[in-house]
*Asks:* 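If you scroll down you'll find the structure; I have some questions about it.
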Amino acid sequence: MADLNVNGQVIALDEDGFLEDAGVWNEEVALALAATEDVSELTEDHWKVINYLRNYYEQFGVAPMIRKLCKETGYDLKKIYELFPSGPAKGACKIAGLLKPTGCV
Amino acid sequence: MADLNVNGQVIALDEDGFLEDAGVWNEEVALALAATEDVSELTEDHWKVINYLRNYYEQFGVAPMIRKLCKETGYDLKKIYELFPSGPAKGACKIAGLLKPTGCV
Amino acid sequence: MPRIDAGPPHYKEMLPPIILENYGKWRYHVIPRPGVLKHVAENGAELYSVRAGSPRLVSIDFIRDMCALADEYCDGFLRFTSRNNIEFLVSDAGKVEPLISALEAKGIPVGGTGNSLSNIVHTQGWVHCHTPATDASGIVKAVMDDLHEYFTDMKLPAKLKVAMACCLNMCGAAHCSDIAMVGVHRTPPRVNDEKVQKGTEIPSLVASCPTGAIRPNPKTKSVVVNEEKCMYCGNCYTMSPGMEIADPKNDGVAILIGGKTSNARTAPSFSRMVIPFLPNNPPRWPEVTEAVRHIVEVYASNARQGERLGEWVERIGWEKFFILTGIEFTDKHIDDYIFSRETFRTSAAFKF
Amino acid sequence: MPRIDAGPPHYKEMLPPIILENYGKWRYHVIPRPGVLKHVAENGAELYSVRAGSPRLVSIDFIRDMCALADEYCDGFLRFTSRNNIEFLVSDAGKVEPLISALEAKGIPVGGTGNSLSNIVHTQGWVHCHTPATDASGIVKAVMDDLHEYFTDMKLPAKLKVAMACCLNMCGAAHCSDIAMVGVHRTPPRVNDEKVQKGTEIPSLVASCPTGAIRPNPKTKSVVVNEEKCMYCGNCYTMSPGMEIADPKNDGVAILIGGKTSNARTAPSFSRMVIPFLPNNPPRWPEVTEAVRHIVEVYASNARQGERLGEWVERIGWEKFFILTGIEFTDKHIDDYIFSRETFRTSAAFKF
Amino acid sequence: MSEKKTPQLDELEKGQWPSFVTEIRKAAAKNPAAEDLLGLLERSYEEKKGHWKHGGIVGVKGYGGGVIGRYTDLPEEYPNLAEFHTIRLNQPSGWFYTTKSLRTICDIWEKYGSGLTNLHGSTGDIILLGTTTENIQPAFDEFSDAGFDLGGSGSDLRTPSCCVGPARCEHACYDTLDACHNITNEFQDELHRPMWPYKFKIKFSGCANDCTASIARSDCSIIGTWRDTLRIDQDAVKAYVQEGLDIQGAVCDKCPTRALKFDYKKNELNVIAEECTRCMHCINVMPKAIRPGQEKGATILLGGKSTIVQSAFMAWVIVPFMKMEDDYEELKDLLRRIWEWWDENGKTRERIGETIYRLGMGKFLREVGLPPVPQMVFRPRANPYVFWQQDEINK
Amino acid sequence: MSEKKTPQLDELEKGQWPSFVTEIRKAAAKNPAAEDLLGLLERSYEEKKGHWKHGGIVGVKGYGGGVIGRYTDLPEEYPNLAEFHTIRLNQPSGWFYTTKSLRTICDIWEKYGSGLTNLHGSTGDIILLGTTTENIQPAFDEFSDAGFDLGGSGSDLRTPSCCVGPARCEHACYDTLDACHNITNEFQDELHRPMWPYKFKIKFSGCANDCTASIARSDCSIIGTWRDTLRIDQDAVKAYVQEGLDIQGAVCDKCPTRALKFDYKKNELNVIAEECTRCMHCINVMPKAIRPGQEKGATILLGGKSTIVQSAFMAWVIVPFMKMEDDYEELKDLLRRIWEWWDENGKTRERIGETIYRLGMGKFLREVGLPPVPQMVFRPRANPYVFWQQDEINK
Ligand code: SRM
Ligand code: SRM
Ligand code: SRM
Ligand code: SRM
Ligand code: SF4
Ligand code: SF4
Ligand code: SF4
Ligand code: SF4
Ligand code: SF4
Ligand code: SF4
Ligand code: SF4
Ligand code: SF4
């Protein structure tokens, strides 16, 4: 996938459009990533999900299970898909700058 | 079992003749315990076994397995029984002031 | 100085002449009547073994009594079986019946051969052990009183081996018996911090718990038990006097059935849980004796000739066993320990 | 906007009239010749299903070809089976033979019914997957070429279900097949620290290893593998691109046999290891095809009529199987994983 | 077009079985990605290793699964495989098609994809092999217009599948096609939006022959059966005798419970109803004479999966008999309770069978509200390690 | 003497089976500890709990095992049970006794102990129930003089035992009494001086009937068998027919491998030698007509134990056939290698079966030097999780 241009800074993405280097993430990068996932603006609701994901990851080194994400943010899965049309893994995790979910497909 | 009299100090033993309070152990106590187990004097060989047992216990919180005791002291089981006629558990551990071995009988 | 490592007496010193002469040369045997085995040697010699029941826990008076009989009828030779029966080794056919009369006069039952219930292998219980959940000798006595007729007769479909163990250590090796009675706890150990501190290797204690329910508590220098995870095996108590698990209100007896160890026809098999709990009701444990008798009777009237209890159940299916006996099936019958998976019915074929 | 969550097309739209009319009213079937099933309905209606082999990995040209045949002989209706065969649903008896000729003219084999070898359920291999230890389609093609006669004839003792999975994930569900070919690794993963650092949730990676062989390495922010403990399952690679396990020199194919899933007669059973390793020798994997043919032939000439491969082996005993096939038995055949215990011979009864 | 040599693959165009290489070649004639695939595969055959990168996460809007992302590790050499994703289309129940519907799929796939497919994937989907990230959404849009939808992938409900059942089989004890379709539609959310610890598969077989191998290949296996007695037509029995069938040997002696008694003199076959375990054997051998009973339904089994990681599990009985009626409400309700429990208790990448094995059937049954019955086990536990609940002990 | 009431125990003097209470009472008449035991036991019956303290470690000089220490937790009330240790005496092979030897035991035990015994303990020892710490050594000294020695306890070799074997059984395939005696004497050090991770039991049965239940109750189970063909005496077969034995039903149909063919016309019974698994069934039913073969020896099985902790294990085959000859050197050598391996690899309180289960049969076989054979397993592994050794892979 093409790299990301954030305010002139070129940020490397992998084929799936995830950050090559998670360290470069910031709120502006998030906004730019959002655009690649059909999310035109990041509302408070979006940030609640993003922040929860980032905090959880920081603490446990893994992304939370979906059930946990829904429980803790108070949004059901439907709402999550409304916020992030490509879903929690491809959508929300990507925008939150988390690692690409591996494993089960 | 009767209590132990070490230089006038009365030290409590349990029924099996093990120290009630492992904290009171010292070299003189060891000597007194030795007498209850048919060990008349504590030679250098005895002390090697006793010290190994105490060090191991201090480090791991358990008595070593017999194989380890033999390997590390360099004495085979025969020699251990010569030193401590009632064997490593009832004899050596008792004199070394270790806990009474539980479990398998 | 005593001799060290001299080993047991040599068995040859203990054998009657007829055995010494025919050692390894027995040709066949028959069971002329319950409790009597007649072994015939290649040279035609005949040895009668009269099998007598024993409570196992016996006084020296009892032993001397038996010796007196052995002197009178067997030239001073006798043996015990692997199930604690006494066998009088009679080489004179004419002495068999008088011996039996003498035994019966003393209240000693003769039987346990062929298709009978033999003596109950058992353990110490409240008589001598430190970990029992029930008594052993008492239950055995009550059950043998109740099933006496099956010992003295040979009217069962096959041999019936009953065992009793007073705790989950299963010293009676109840795990492979036709019927097993096992003492069980039902509540977690109560940690006595002081005893744990003073008398216990904490790492060994923690390691002893098969379900990982015990964690060290560095603050108290003792341990804590996650009660949710505990299945009351008592192994921690074996490791530490500070883990008291005996609980008079909740200890009792479980019944397992269908094990065997012989390789005849089918492979040896474990006994399996059919009644998870019956209360401790000394002195005669009526719930236990009744349950055992009931199982024996359903077996006796349903199995085919020559079928061990477990072989019968496996043929008809365990689902059928629960119907025939009317024993309630509960979640407690379903294994949830390490090897549970092999017990699950991974098949759509079963009986309703 | 596309419709979301509309689900698959309704199957009724896909059924030929004869099925719509006799839906749930079939009375019985016969197999008039290999590859043809004749189902007779309660009202006497007859449906002929002509079963044709397919490579499964097919082009749209192939599909259109099959559609053309279905239009000509089946009024535009066909189906696929759970083993990836094509079934032409012929309601006009007279069209059966012409259809078969048309298929054969195209090189499409007709068979796979009754006591035959059916199509091999298989997976992606080097064609599309990221974790394979071998190819799938290639081996399947080689084996089916070799065993062709068993597909087109019904000369086996029973149905023979062969499966192929290109790695231990076993997408081909090889674990319950009469014969299974499974791609296996034989060397531990090689940790690529950079990839692990960048692309991996370390806790999930550590947790993924069934034998606990992976430990985090805080220094490198990566992991280390205890190679002694690794049994090359590849699960860690599924979790992380940094755990490369493919090894051209050592990857290959294992053969397992004797599984089944039907409940007929005996309970469903797992396939069991008989050849732990055969080398990857593309394009035709001669060692693999030969091994499979050998097992099929020994089975075909020894089993009783109606006996599935696993039923036959269980009847004669696995020790006998190794003698009859001449396959070497090694320590690798003996389970040493979680449920090993149930495989040990806890019996003194066996054949020499 | 292709100038590249593929000597190894050429070998696989020989032989009597239809060749997948020939199929790729056909597609290669029209599609450059398929052409590159020939080259890449030849390379794998030479090097004995795959050339696909790890993972890949692509999809369509509103769905979390249904597409498998795939990129070659040699994009310079095989640029048309730089992106080569798979789309999983949910097959119709029983894999029945009109030629029209199949042609529609071909046409769309010709437009957006490599022209290569698997009919079918091992779970049951229509597998469309090879497209670009860009093409996924438009391809999906057209499939959707044509009445097709995506199947499952990721930690979701996987595409259910079923045997041919009542459509063409005399043994079917319930309507597998309808049940499969109904359940698939009921749980579209679960199918399309991964939310569980791991994948969950359901397969429907109409009888104990289990022609979808459901007991080994699905977390929930639904196998048709009956509660009453199988039905024997004595005239048809006599006909089989006349055809020369050895009823005693081929049928009675192989009945696992010896529930069948054949009377040589009368040529009559009778069953001891309560002994029969409905294994299907006798019915299979004598379909004209023996049929399932009339009170039909299904056995529900849980926990099947293949080898990774904790060993393979075969599904086991959790409901011996369930009527398949009333819009499958009983089944749906049960599935919801199972998923709720699993989602609450399962670890990441732990299949339901493994979760139950880890936590115990007792806990599962109590918390899901299923009554324990002996049909759930081959035999009871061999250990006395029973967990007692607070309300069962004396305080 | 006893004034104390024991209403519950009294109940157990009723009934037809000989009563252990009566036995304790007999001992109580002469021995105060036995008398106290009646009281303590009655108390246990009332309170439904035992009254013995945890553990206890006492012994004789030069030995690490053979005595079980026991103290009551109510020493004030039952002072004669303050110390009530058990001595385990090694029984003679096969539990054969002269009355003289038994009387000697009684006499010594009258002098130093309670007068109560178990004939026998569940492992096989003569159990002498109840003595004081002080009396242990003198009692041992006298037993020793009388030709008896202690059995095992603790993490050592436990007292081996054996079936009646050739002394009185026509089935014995090797000399169980001699083997038991020989092995016991060879390993006196291992028996008397605990040195391993845990206990180790050996039992000897002369044939597959396994009358010592060795396969379930011993770490090493030694079961007699033969390598050639069982022997059938056709005249004796005919005699059984005349007695009315249903040979087809009671013998042939129950043969697990259907290795026996009965010819109704000739009244002849024949065996397919290679099919027979030597299960003993036919021999048991027709001992006059069928006997084991002539090339006799034993199968060695390993790993049996009861339920604590990792579940019960049944012993499994590790050597299908071993000749029992040459002073049992082959067996002794094997045992030494097994113990060496276990001692090196086992954890504390881990039985050999559990150690092998944890580390794998492959490792065990390689390191102990036993050749793998299919007889070791019912069936091969169901998973492909094979460990490859360094010298087996391509570098
Ligand atoms: C005396 C004793 C051996 C000893 O050294 O003490 C013994 C002696 C005989 N056994 Fe046994 N067995 C003895 C314990 C056992 C045990 C172990 C146990 O009970 O704990 C078993 C295995 C139990 C199990 O499978 O659970 C045992 C399983 C057998 C069998 C196999 C039975 C079966 O079909 O499963 C036979 C064969 C038979 O009886 O047909 C047998 C046969 C015999 C024969 C007939 C052997 C012979 O020809 O002399 C002996 C008389 C049996 C009888 O009582 O009818 N013996 N026998 C044991 C008597 C115990 C008792 O007092 O009851
Ligand atoms: C078409 C198909 C169902 C479908 O929806 O696609 C099907 C159709 C039939 N099966 Fe099946 N089975 C089909 C896959 C299976 C499977 C699953 C598999 O192969 O992965 C099994 C379980 C396999 C196993 O046990 O490992 C299966 C086990 C059976 C059995 C039981 C065989 C046994 O004795 O073990 C029967 C009964 C029989 O054939 O006697 C049966 C019987 C039948 C009958 C006779 C049912 C009927 O009356 O119509 C059908 C024709 C069988 C034939 O080919 O001779 N079918 N059948 C599947 C064809 C697959 C193929 O192309 O070969
Ligand atoms: C396409 C398909 C194979 C095929 O060629 O047909 C397939 C392909 C993959 N499977 Fe599968 N599985 C496929 C059916 C199966 C089956 C069979 C079944 O469903 O009946 C199984 C065994 C049954 C089971 O579920 O246990 C199966 C067990 C696995 C596993 C192991 C799961 C386990 O718990 O044992 C994995 C590993 C994972 O999930 O991480 C896996 C993972 C994969 C992945 C996604 C690779 C991965 O590690 O992420 C493969 C993608 C290949 C690709 O690039 O195209 N696949 N997978 C099958 C799906 C097609 C379809 O939708 O119709
Ligand atoms: C005396 C005896 C029972 C009897 O009444 O006959 C006995 C008594 C005890 N056994 Fe046992 N075991 C006795 C035969 C057995 C058997 C049967 C056998 O050997 O055939 C078994 C089952 C077989 C096995 O070894 O697995 C047996 C399995 C245990 C266990 C569980 C061991 C395991 O690995 O499963 C323990 C617990 C332990 O070792 O810590 C145990 C522990 C004990 C202790 C020492 C209690 C303890 O936790 O420390 C008991 C002492 C009782 C006492 O105060 O007198 N005893 N024990 C048996 C020994 C008599 C003899 O030497 O002849
Ligand atoms: S079974 Fe338990 S309580 Fe009974 S003697 Fe053995 S260890 Fe003691
Ligand atoms: S009783 Fe058993 S399960 Fe419970 S804490 Fe003790 S060792 Fe653990
Ligand atoms: S079996 Fe393994 S390599 Fe083959 S498709 Fe499945 S996951 Fe991929
Ligand atoms: S291949 Fe399997 S066993 Fe080896 S390290 Fe990876 S996950 Fe662990
Ligand atoms: S599973 Fe039963 S109903 Fe379904 S196709 Fe197979 S035989 Fe017919
Ligand atoms: S269905 Fe199976 S169990 Fe029932 S009668 Fe027929 S063969 Fe026997
Ligand atoms: S095990 Fe065999 S040899 Fe020993 S007594 Fe029993 S039947 Fe006889
Ligand atoms: S010993 Fe057992 S297997 Fe051998 S012929 Fe006799 S009954 Fe059959």
Side-chain angles (χ1 to χ4, degrees), chain D residues 2-9 11 14-15 19 23-24 26-28 39 55-64 67 70-71 76 79-80 82 108 126 130 132 137-138 141 144-145 148 168-173 175-176 210 235 241 246 248 261-265 268 270 280 282-283 338-339, chain E residues 8 11-12 15-18 20 23 26-27 44-45 48-50 52 54 62 90 92-99 102-103 106 110 115 118-119 122 141 144 147 149 166-168 170 177 184-185 188 208-210 212-213 215-217 254 256 279-281 287-288 306-309 311-312 314:
Chain D
R3 288 177 310 164
I4 288 277
D5 296 342
Y11 59 94
M14 307 290 178
L15 301 178
I19 288 190
Y23 196 88
W26 299 101
R27 188 58 197 83
Y28 69 89
H39 282 83
R56 188 181 85 121
L57 197 180
V58 295
S59 66
I60 49 179
D61 296 11
F62 179 93
I63 301 173
R64 286 168 178 153
C67 287
D71 284 342
R79 76 178 288 266
F80 294 79
S82 62
I108 306 293
W126 293 331
H130 60 161
S137 316
K141 162 76 174 141
M144 285 308 282
D145 278 348
H148 195 264
L168 270 45
N169 284 338
M170 289 213 192
C171 298
H175 59 296
C176 294
N235 199 41
T261 60
S262 92
N263 295 272
R265 300 172 303 284
F270 292 123
N280 264 342
I338 312 180
F339 301 113
Chain E
Q8 298 224 37
E11 284 301 312
L12 287 173
Q16 292 188 74
W17 191 252
F20 72 101
E23 293 304 315
K26 282 187 209 160
S44 284
Y45 272 55
K48 304 186 187 181
K49 64 180 265 222
W52 299 105
H54 184 275
N90 195 337
S93 275
W95 301 288
F96 279 96
Y97 296 93
T98 57
T99 50
L102 276 180
R103 285 203 176 90
C106 292
E110 183 156 28
N118 287 148
L119 286 178
S122 177
D141 294 352
S144 177
D149 198 349
R168 201 203 51 199
E170 68 271 28
L177 287 79
T184 304
N185 279 290
Q188 285 288 305
N209 283 330
D210 195 6
T212 58
I215 197 165
R217 295 172 67 161
K254 290 187 166 178
C279 82
M280 291 298 295
H281 172 69
K288 291 183 194 167
S306 76
T307 308
I308 292 281
V309 190
S311 299
M314 199 96 70

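By convention in this document, chain letters (A, B, ...) are assigned in the order of the sequence lines, proteins followed by strands, and residues within each chain are numbered from 1. Only this structure's heavy atoms are used, side chains among them; waters, hydrogens and symmetry mates stay out.
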*Asks:* Would you mind telling me which of R64(D), R56(D), H175(D) has the largest number of heavy-atom pairs within less than 4.5 Å of chain E?
*Replies:*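 Sorted descending by pairs with chain E, the first entry is R56(D).
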
*Asks:* So which atom in M314(E) and which in F270(D) form the shortest heavy-atom distance, rounded to 0.1 Å?
*Replies:*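 Looking at all heavy atoms of both residues, the closest pair is N-CZ, 3.6 Å.
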
*Asks:* What are the two closest heavy atoms between N90(E) and P8(D), and how far apart are they?
*Replies:*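 Taking every non-hydrogen atom into account, ND2-CD, 3.5 Å.
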
*Asks:* Mind ranking N169(D), I338(D), I108(D) by heavy-atom pairs under 4.5 Å with chain E and telling me who comes out on top?
*Replies:*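 Most heavy-atom pairs within the cutoff with chain E belong to N169(D).
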
*Asks:* Among A167(E), S122(E), G94(E), which residue has the highest count of heavy-atom pairs closer than 4.5 Å to chain D?
*Replies:*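 Most heavy-atom pairs under 4.5 Å with chain D: A167(E).
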
*Asks:* Identify which of E11(E), M280(E), E110(E) forms the greatest number of heavy-atom pairs closer than 4.5 Å to chain D.
*Replies:*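 That would be E110(E).
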
*Asks:* Does R168(E) have any salt bridge (Lys or Arg N to Asp or Glu O under 4.0 Å) partners at least two apart in sequence or in another chain, and if so, which?
*Replies:*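 R168(E): salt bridge (Lys or Arg N to Asp or Glu O under 4.0 Å) contacts with E87(D).
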
*Asks:* Checking D145(D) side chain against Q16(E) main chain: does a donor-acceptor pair fall under 3.5 Å?
*Replies:*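 It does hold such a pair.
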
*Asks:* Among S262(D), P282(D), P132(D), who wins on heavy-atom pairs under 4.5 Å with chain E?
*Replies:*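 Greatest number of close heavy-atom pairs with chain E: P282(D).
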
*Asks:* Please classify the contact between L12(E) and chain D as side chain, backbone, both or neither, with a heavy-atom cut-off of under 4.5 Å.
*Replies:*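 For L12(E), the contact with chain D is made by backbone and side chain together.
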
*Asks:* So which of A264(D), S59(D), P55(D) has the largest heavy-atom pair count under 4.5 angstrom toward chain E?
*Replies:*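 Option with the top pair count is S59(D).
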
*Asks:* With a 4.5 Å cut-off on heavy-atom pairs, point out which of S311(E), S306(E), S93(E), A27(E) contacts chain D the most.
*Replies:*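 Heavy-atom pair counts peak at S306(E).
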
*Asks:* Which pair of heavy atoms, one from G62(E) and one from I4(D), lies closest together, and at what distance?
*Replies:*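 Scanning both residues, the minimum pair turns out to be CA-CD1, 4.5 Å.
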
*Asks:* Does the side chain of Q188(E) reach to within under 4.5 Å of the side chain of D149(E), using non-hydrogen atoms?
*Replies:*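 Yes, their side chains come closer than 4.5 Å.
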
*Asks:* On the 0 to 90° scale, with breaks at 30° and 60°, tag the W17(E)-H148(D) ring pair as parallel, tilted or perpendicular.
*Replies:*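 If you compare the ring of W17(E) with that of H148(D), the planes turn out perpendicular.
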
*Asks:* Considering only heavy atoms and a distance below 4.5 Å, find which of C106(E), A312(E), G50(E), P92(E) pairs most often with chain D.
*Replies:*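 Sorted descending by pairs with chain D, the first entry is C106(E).
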
*Asks:* Highest number of heavy-atom pairs under 4.5 Å with chain E: which of G24(D), G76(D), P210(D)?
*Replies:*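 It is G76(D).
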
*Asks:* Quick one: which of N185(E), L177(E), T184(E) has the most heavy-atom pairs under 4.5 Å with chain D, could you say?
*Replies:*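 Result: the option with the highest number of such pairs is L177(E).
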
*Asks:* Among R27(D), M170(D), M144(D), which residue has the highest count of heavy-atom pairs closer than 4.5 Å to chain E?
*Replies:*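 Highest number of heavy-atom pairs under 4.5 Å: R27(D).
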
*Asks:* Dump the intermediate steps for side chain to side chain contact (heavy atoms under 4.5 Å, CB included) on T307(E) and L168(D), then the final yes or no.
*Replies:* CA-CA 7 Å; T307(E) 308; L168(D) 270 45; 5.6 Å; no

*Asks:* Could you work out, with side chain to side chain donor-acceptor pair (under 3.5 Å) as the rule, every residue matching H281(E), not counting sequence neighbours?
*Replies:*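 Per chain and number, H281(E) pairs via side chain to side chain donor-acceptor pair (under 3.5 Å) with R265(D).
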
*Asks:* With chain D, which of K49(E), Q8(E), E23(E), K26(E) has the greatest number of heavy-atom pairs at distances under 4.5 Å?
*Replies:*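 Heavy-atom pairs under 4.5 Å are most numerous for E23(E).
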
